[in-house]
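As C-alpha cells, the structure follows; a few thoughts come after it.
All values below were derived from every heavy atom in this structure, side-chain atoms included, with hydrogens, water molecules and symmetry-related copies excluded. Naming convention: chains lettered A, B, ... in sequence-line order (proteins, then strands); numbering from 1 in each chain. Predicted, not measured: the structure shown is a model, and the values here were computed from it.
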Amino acid sequence: MAHSGINILFAGQNFTRLLGGLWVSAKISIVSLVIGILLGLLLGALRTLKNPVLRTILRLYLEFFRIVPTVVLLFLFYYILPKNFNVNLSAQIVAMLVFALWVAAEMSDIVRGALISVPRHQKEAGMAIGLNGPQLYRYVLLPQAVGLMIPATINLMTRVIKTTSLLLLISVMDVVNIGQQIIEANRQVYPNGAFWVYGLIFILYFLLCYPLSAWARHLERRQNNNA
Amino acid sequence: MKKHTRLLAAVLAVITLLGLFATTFSQPAKAAETTKISTIKKRGTIKIAVFGDLPPYGWVDKNGKRQGYDIALAKQVGKDLGVKVKYVQVNADSRVDALNSDKVDLVLANFTVTPERKQVISFAKPYMKVSIGVISPKSKPITKVSQLSGKNLIVNKGTTAEQYFTKNSKGATLQKYDSKTQQFNALKNGRAAALADDNSYLYAWVKNNPKYTVGIKHLGPNQYIAPGVKKGNKSLLKWTNKEITKLNNNGFFDKNYKQNLKPYFGSDVTAKDIVIK
C-alpha cells in the first residue's frame, strides 16, 4: 500500500484543494440550476399559450440549447463571443450563464409537458370558479404539475452537476481540473495516482448527486401517498 | 405528414440560425484595442496562460502553489514589469484562443513555435529548445544514427519522432506504439535496440531508469519554445523580446534550469541542451 499512491490524496493541501474544486463545481451548479429552473418555469408556462410566434421562438431556443453540445456552447461563450462583442466575462460567470440558459431550455420542455398533462377538467373547473389566467397557473395547474416535473428535473440537476467536469476547458478550476493537477504532479513517482484521485472524485460526485435522487424518491413517495 | 413538415421547418430554421452565427463569427474581428504595456501597468496585473499539469514546466505542488520553468519566467516577467501576475490555466488546444479572445496577455505554456501558429498569433524570442532524442541501454549504447541500421527502433505514434523516422528511417525498422507506457515497457522488455521521442521527455525518464542513456541528444531540426502574444500587439511583443534578451544575458535561464529542470533531467543533460544562447 505504501507505494500505491493513495497517500497523494492527503499530502500537503491536496485534499482541501479537491474539496475547494468541488465547491466551485457545486456553486456553479446551484446558481445555474436556481436561475435556470425559475426561467424554465416561466418559459414552460409561456409555451402552453397558443401564440404561434412566441411558441416558435421558444421552440427554437429549446432546440438550439438541446442540440448544440455543452462543450461547444462553453467555447462559444468564452472564447468566440468576446472577440466579436467586446464583452469579457470571467470563466465562472460564463459557466453559470451557459448552464442557466441550458437548464432553462430543458426545463421549459419539462414544465410544458407537465402542464399539458394536468387533466383538462381541472383547468375548466378553475375557469368556472372565476380564476383568471395567472391565477389558474398559480393555484390549479402548477401545483398539480410539480409532481409530474420532479423526476425529470432531478435528472436534469444530476446531469448539470456531472457536466461541470467539462469546465476545465474554459479554465475553471473545478474538481476534475485540480484532480489532474495532482495526478500530473505525481506522475513520476506515483504512476497509479490517477486511480485514487479519480476514485475520490467519483465519491465526491456521488455525495453531491445521491442526496438529490434520494430526495426525488422521497418527494415521489409523498406524492403517491397524497394521491 | 404535417408534423414532419413542421419538424423539418424547425430543423431548417435552427440550421439557418447557426449559419448566421457562423457568418458573424467568420468576419474578421474588429481591430480591438490591443493590450499595450501601458494598459497592463495601469491595470496592475498581467494575465499569463500557463499549464497546470506538465511538470517540470508548469504544474501545481501539493500546497496548491504553481511551480516550474515557465512559472519562474512568468514571475520574473511580472517582477520586471512591476505588476502582479494572474495565472490562467489552459490546455494545449486553448492557448491560441485564450490569446485571441483577450483572456490572457501572454502565453508561457511550453508553446512550440510552428508555422501554422505563426499565422494566427505572434511569438516572441524563444527561450528553450527541444528536439528528437534516442535512448538505448547503457550496456549497448547507440550514439550515432548509423548504428540504428538493421535494428528495431521504438516510437510513439503521433510524435515528431515518428514523423522524422518515417521520412528518413536510416535503415531502422520502426515499432510504433500507442502510449508512452507501452513504448517504455517495450524497450525494457528488449523488443528493440533503442527508442526515439522528444528529448526533454527522455531526459526525465532516464533519470528514473538509470540503466538507460540518452545516446543521441539531438536529431533533426530543433523546435523552439517561445512566449506567445496576440497578433498585432507590438507593444507587448517588443517588450517581451527585450525581456528575453535581458534574461538570457544575466543568466536567468541557467539559474531557472538548475532550479526547475535539473532535478527532473538528471546529470546526463546540461543547461546548454535546453537553454538558448
Considering residues, nucleotides and ligands other than [X], do more than 12 of their heavy atoms fall under 6.0 Å from its [atom1]?
X: Lys217(B); atom1: NZ; result: yes
X: Lys262(B); atom1: NZ; result: no
X: Lys47(B); atom1: NZ; result: yes
X: Lys138(B); atom1: NZ; result: yes

Interface moiety of [X] toward chain A, non-hydrogen atoms closer than 4.5 Å:
X: Phe51(B); result: neither
X: Asn208(B); result: side chain
X: Asn100(B); result: both
X: Ala204(B); result: both

Report, in residue-number order, which members of [range] are under 4.5 Å from chain B by heavy-atom distance.
range: residues 36-43 of chain A; answer: none
range: residues 97-117 of chain A; answer: none
range: residues 158-185 of chain A; answer: Leu168(A), Leu169(A), Ser171(A), Met173(A), Asn177(A), Gln180(A), Gln181(A), Glu184(A), Ala185(A)
range: residues 14-32 of chain A; answer: Asn14(A), Arg17(A)

Item to complete: Please report the closest heavy-atom contact between Tyr78(A) and Lys103(B), naming both atoms and the distance.
Response: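 Looks like O-CE, 2.9 Å.
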
Worksheet item: Do you know which two heavy atoms are closest between Ser101(B) and Tyr79(A), and how far apart they sit?
Response: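 Where Ser101(B) meets Tyr79(A) most closely, the heavy atoms are CB-O, 3.0 Å.
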
Item to complete: Output the option from Asn63(B), Leu54(B), Asp61(B) having the highest count of non-hydrogen pairs under 4.5 Å with chain A.
Response: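 Among the listed options, the one with the most contacts to chain A is Asn63(B).
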
Practice prompt. Tell me, for Phe75(A) versus chain B, whether the close heavy atoms (under 4.5 Å) come from the side chain, the backbone, both or neither.
Written response: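 When you check distances to chain B, only side chain atoms of Phe75(A) fall under 4.5 Å.
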
Practice prompt. Select one option (side chain, backbone, both, neither) describing which atoms of Leu9(A) are under 4.5 Å from chain B's heavy atoms.
Written response: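 Neither part; nothing is under 4.5 Å.
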
